[in-house]
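All heavy atoms count here, side chains included; hydrogens, waters and symmetry mates do not. Since this is a predicted model, take the numbers as computed values, not measurements.
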Amino acid sequence: MDKKQHSLDCRYLRMARIWAENSYCQRRKVGTLVVKNKMIISDGYNGTPSGFENVCEDSNNVTKPYVLHAEANAITKLARSGNNSEGATIYVTDAPCIECAKLIIQAGIKRIVYAEKYRLTDGIDLLQRANIEVVKIDFEKNKEE
């Protein structure tokens, strides 16, 4: 990867991390941006569906089953807009789960850049199987892995 692309990737990933601060979730705050032709066409963070109280965890600190992941929020927001994600890049603070990986594939997104590993790798494995370019950038080292 060239230096210019790496620099852009780091910048968008930092922006996704800032966007994650909007999440009301306590256990984990995740942010995402969808970028096409160097334009942000959608964004999202994990949280409850529109109209629900902004509480993501129950009294036992377990995430409620209806909480949406950041990627799902960004992709469904795209569906409601006039934008098209075909060939886009998605920047996510955390590696996607398998359900979000399926949405990314179906949305026509061709590249994913993420920072934090997830305990399960099935989402990343599925994206790679679908020939989607997967890039992990370590924020601490600020380099591609």
Side-chain angles (χ1 to χ4, degrees), residues 1-52 54 56-57 61-145:
M1 175 186 313
D2 68 15
K3 275 186 166 182
K4 190 173 185 178
Q5 183 62 57
H6 178 73
S7 179
L8 273 174
D9 287 346
C10 288
R11 201 168 304 137
Y12 284 126
L13 208 47
R14 282 195 310 271
M15 291 169 71
R17 182 175 263 182
I18 290 167
W19 200 243
E21 294 173 13
N22 289 315
S23 174
Y24 288 90
C25 296
Q26 300 303 308
R27 291 180 61 223
R28 179 181 298 224
K29 295 179 183 292
V30 180
T32 189
L33 297 175
V34 180
V35 176
K36 186 174 179 180
N37 300 325
K38 296 184 183 176
M39 288 178 35
I40 298 169
I41 59 171
S42 191
D43 54 55
Y45 51 87
N46 56 327
T48 57
S50 298
F52 282 66
N54 289 320
C56 298
E57 294 85 13
N61 201 32
V62 175
T63 301
K64 294 179 179 180
Y66 54 83
V67 168
L68 290 160
H69 290 188
E71 305 94 318
N73 263 329
I75 290 169
T76 55
K77 186 187 272 190
L78 264 171
R80 294 177 72 175
S81 75
N83 288 319
N84 178 324
S85 56
E86 188 68 37
T89 297
I90 189 166
Y91 295 87
V92 192
T93 56
D94 295 60
C97 68
I98 188 110
E99 295 302 318
C100 288
K102 291 189 275 187
L103 291 174
I104 290 166
I105 293 165
Q106 289 302 98
I109 294 168
K110 295 300 178 200
R111 188 167 180 269
I112 176 170
V113 179
Y114 72 101
E116 302 294 328
K117 289 181 180 176
Y118 183 58
R119 61 183 171 81
L120 303 174
T121 63
D122 51 357
I124 292 296
D125 296 342
L126 185 66
L127 292 168
Q128 290 173 328
R129 185 173 169 200
N131 294 317
I132 291 174
E133 181 184 352
V134 176
V135 178
K136 181 181 184 313
I137 294 178
D138 185 333
F139 269 122
E140 306 315 313
K141 298 175 187 170
N142 196 21
K143 68 173 187 170
E144 185 179 340
E145 285 188 351

Taken to the nearest 0.5 Å, the spacing of Lys117 NZ from Asp138 CG works out to 9.0 Å

Sub-4.5 Å side-chain heavy-atom contact between Ile137 and Cys10: yes

Over all heavy atoms of both residues, which pair between Val67 and Thr48 is shortest? Give the atoms and the distance, please. CG2-CG2, 4.2 Å

So, the side chain of Asp94 versus the backbone of Val30: is there a donor-acceptor pair under 3.5 Å, distance only? no

Closest heavy-atom pair and its distance - Ser85, Ala107: OG-O, 2.6 Å

CD-OG1 distance between Gln5 and Thr89, expressed to the nearest 0.5 angstrom: 6.5 Å

Of all heavy-atom pairs between Gly47 and Cys56, which one has the smallest distance, and what is that distance? CA-SG, 3.9 Å

Looking at side-chain heavy atoms only, is the closest gap between Ile124 and Lys136 below 4.5 Å? no

Backbone of Ala74 reached by a side-chain donor or acceptor of Ser42 within 3.5 Å: yes

The reported gap from CG in Asn46 to CD in Glu71 (rounded to nearest 0.5 angstrom) is 8.5 Å

Separation of Lys102 NZ from Asp122 CG (nearest 0.5 Å): 9.5 Å

Grab the two heavy atoms, one from Lys29 and one from Ala20, that are nearest each other, plus how far apart they are. CB-O, 3.5 Å

Does Thr93 reach the main-chain N or O of Gly31 with its side chain, forming a donor-acceptor pair under 3.5 Å? yes

Ser7 versus Arg11, side-chain donor and acceptor atoms under 3.5 Å: yes

Enter the distance from Ile105:CD1 to Asn131:CG here, rounded to the nearest 0.5 Å. 10.0 Å

Where Lys110 and Gly87 come nearest, the two heavy atoms and their spacing: CG-CA, 3.6 Å

Side-chain contact, heavy-atom cut-off 4.5 Å: Tyr91 with Leu13? yes

In the structure I gave you, are the side-chain heavy atoms of Asp9 and Arg111 within less than 4.5 Å of one another anywhere? yes

Would you say Asn37 has more than 12 foreign heavy atoms packed within less than 6.0 Å of its CG? no

For the pair Asn83 (side chain) and Ile41 (backbone), establish whether a donor and an acceptor sit closer than 3.5 Å, ignoring hydrogens and angles. yes

Where is the tightest heavy-atom contact between Ala101 and Pro96, given as atom of each residue plus distance? N-CB, 4.3 Å

Close side-chain approach of Ile112 to Val92, heavy-atom, < 4.5 Å: yes

Considering residues, nucleotides and ligands other than Glu57, do more than 12 of their heavy atoms fall under 6.0 Å from its CD? yes

Geometric class of the Tyr45/Trp19 ring pair [parallel <30°, tilted 30-60°, perpendicular >60°]: perpendicular

Evaluate side chain to side chain contact (heavy atoms under 4.5 Å, CB included) for His6 paired with Lys3, printing each intermediate quantity in order. CA-CA 5 Å; His6 178 73; Lys3 275 186 166 182; 5.6 Å; no

Working to the nearest 0.5 angstrom, can you tell me the gap between Ile40 CD1 and Met15 CE? 3.5 Å

